[in-house]
Amino acid sequence: MWEKVQQTISYIKERIDFKPEYGVILGSGLGSFTEEMQVKFTLPYNEIPNFPLSTVQGHKGALVFGTIGEKKVVAMQGRFHYYEGYSMTEVTFPVRVMKFLGVEKLVVSNASGGVNPSYKVGSVVMITDHINMTPEHPLRGKNDERFGPRFVNMSEPYSRKMIAKVTELAKELNIEVHEGIYLGLQGPTFETLAEYRMVKILGADCVGMSTVPEVIVARHMNLETFGISVITDMGNEESIGTISHDEVLEAAKEAEPKVRSLIRELILKY
Ligand code: HPA
């Protein structure tokens, strides 16, 4: 994998002269974040060696390089999910690439189902911790010390300093933000009512099909990471009947301006 990452890095560096400090992974319905950026270069995934191709509606496929104020940013417009058939190594490959482009801080966004009764559709949640219940671990296999250690400390997967900063920024912007624990499952089915109940019993506040593998790999390489989730449906008796991918995208779209502002301000001020 080291060689593949280096090959991809050489390809990108031959084309663009740009060292991003921040990486951003844009989840379902949040792709318009790139409008906050002064875009300098766009590389479609299908032109980047070793990059998988995104297959899900609502996920575009490109690496977008640009600035927000003085800060240099690379955004993944569209991400890869395990349920699409990729291995966890493929799902997390772009995070490896971002690190070797120079990224030190990573922002990961997603849409998720809420099981915390204080949430509603459209709630914005800062992820404080996660529970990994995805079926394959992205660090399984021989460890390559050039990326990071065999046994990764996961005591602070989501940067407490970044959470504190966004809490402060949200107050200034008058945006309501929640905190919560994200539980990662394989998908692609939405949870049954019994599974949503399990998620809640296990101590999580929301559930989704992404983010956890990317954050594990980010922490393997010591990237400081912030995670933000939009609650696009509630996993309870009243709401479960209506969940569809279109609804998820619509709800994410509605919360998009809030998430966009929070990420923009975080990047500007942290
Ligand atoms: N479950 C899993 N993934 C999701 C959900 C959900 O309810 N909503 C958006 N992504």
Side-chain angles (χ1 to χ4, degrees), residues 24-33 54-60 76-86 88 91-92 107-136 138 157-158 177-216 227-260 262-263:
V24 184
I25 302 180
L26 301 168
S28 298
L30 298 166
S32 84
F33 175 76
S54 188
T55 65
V56 188
Q57 168 210 353
H59 288 267
K60 292 184 200 163
M76 273 183 77
Q77 209 168 33
R79 63 141 62 87
F80 305 104
H81 304 84
Y82 187 73
Y83 64 73
E84 293 177 82
Y86 304 116
M88 283 300 192
V91 166
T92 57
V107 177
V108 185
S109 66
N110 64 45
S112 68
V115 296
N116 181 327
S118 75
Y119 298 169
K120 52 186 189 309
V121 170
S123 289
V124 176
V125 179
M126 296 183 290
I127 304 175
T128 54
D129 206 344
H130 72 222
I131 299 173
N132 180 15
M133 291 189 66
T134 60
E136 186 194 319
Y158 302 88
V177 286
H178 300 259
E179 292 187 1
I181 295 170
Y182 177 94
L183 187 143
L185 288 174
Q186 169 171 202
T189 41
F190 291 115
E191 289 64 40
T192 64
L193 192 52
E195 287 164 344
Y196 280 123
R197 221 177 273 136
M198 170 195 77
V199 169
K200 197 172 168 187
I201 290 168
L202 289 179
D205 300 290
C206 56
V207 55
M209 310 171 194
S210 66
T211 302
V212 167
E214 294 148 339
V215 170
I216 289 171
I228 191 160
S229 188
V230 173
I231 303 299
T232 53
D233 49 271
M234 288 299 293
N236 56 34
E237 276 91 347
E238 298 82 65
S239 334
I240 190 170
T242 65
I243 303 172
S244 70
H245 187 55
D246 286 342
E247 276 227 343
V248 165
L249 291 183
E250 208 180 294
K253 270 249 138 2
E254 255 187 61
E256 195 169 17
K258 290 191 231 173
V259 177
R260 264 173 70 163
L262 290 171
I263 301 177

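In this chain, numbering begins with 1 at the start of the sequence shown. As the structure lists them, so they are numbered: ligands from 1, and atoms in each ligand from 1.
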field: Atoms in ligand 1 flagged as close to Y196, the criterion being non-hydrogen separation under 4.0 Å
entry: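 Checking each atom against Y196, I get 1 (N), 6 (C), 7 (O).
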task: Check each atom of ligand 1 against the heavy atoms of S112 and keep those under 4.0 Å away; list them by number with element.
output: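 Taking each heavy atom of S112 in turn, ligand 1 has 5 (C), 8 (N), 9 (C), 10 (N) under 4.0 Å.
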query: Out of G113, G27, G114, who gets a non-hydrogen atom closest to atom 5 (C) of ligand 1?
result: G113
- prompt: Which of these, L185, N110, D233, has its nearest heavy atom closest to atom 8 (N) of ligand 1?
  reply: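 Looking at heavy atoms only, the winner is D233.
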Which residue and heavy atom of the protein sit nearest [atom], plus the separation:
{"atom": "atom 9 (C) of ligand 1", "value": "T232 OG1, 3.3 Å"}
{"atom": "atom 10 (N) of ligand 1", "value": "A111 O, 3.3 Å"}
{"atom": "atom 2 (C) of ligand 1", "value": "E191 OE1, 3.2 Å"}

- line: From the list M234, E237, E191, side chain to side chain contact (heavy atoms under 4.5 Å, CB included) partner of Y196 resolves to E191
If you round to the nearest 0.5 Å, how far is [atom2] of [Y] from [atom1] of [X]?
{"X": "I25", "Y": "L30", "atom1": "CD1", "atom2": "CG", "answer": "12.5 Å"}
{"X": "D205", "Y": "S112", "atom1": "CG", "atom2": "OG", "answer": "9.5 Å"}
{"X": "N236", "Y": "D233", "atom1": "CG", "atom2": "CG", "answer": "9.5 Å"}

- request: Using the salt bridge (Lys or Arg N to Asp or Glu O under 4.0 Å) rule, take E256 and K253 through it: C-alpha gap first, then chi angles, then the decisive distance, then the call.
  value: CA-CA 5 Å; E256 195 169 17; K253 270 249 138 2; 3.5 Å; yes
message: For Q186, is the CD atom crowded, meaning more than 12 foreign heavy atoms sit under 6.0 Å from it?
response: yes
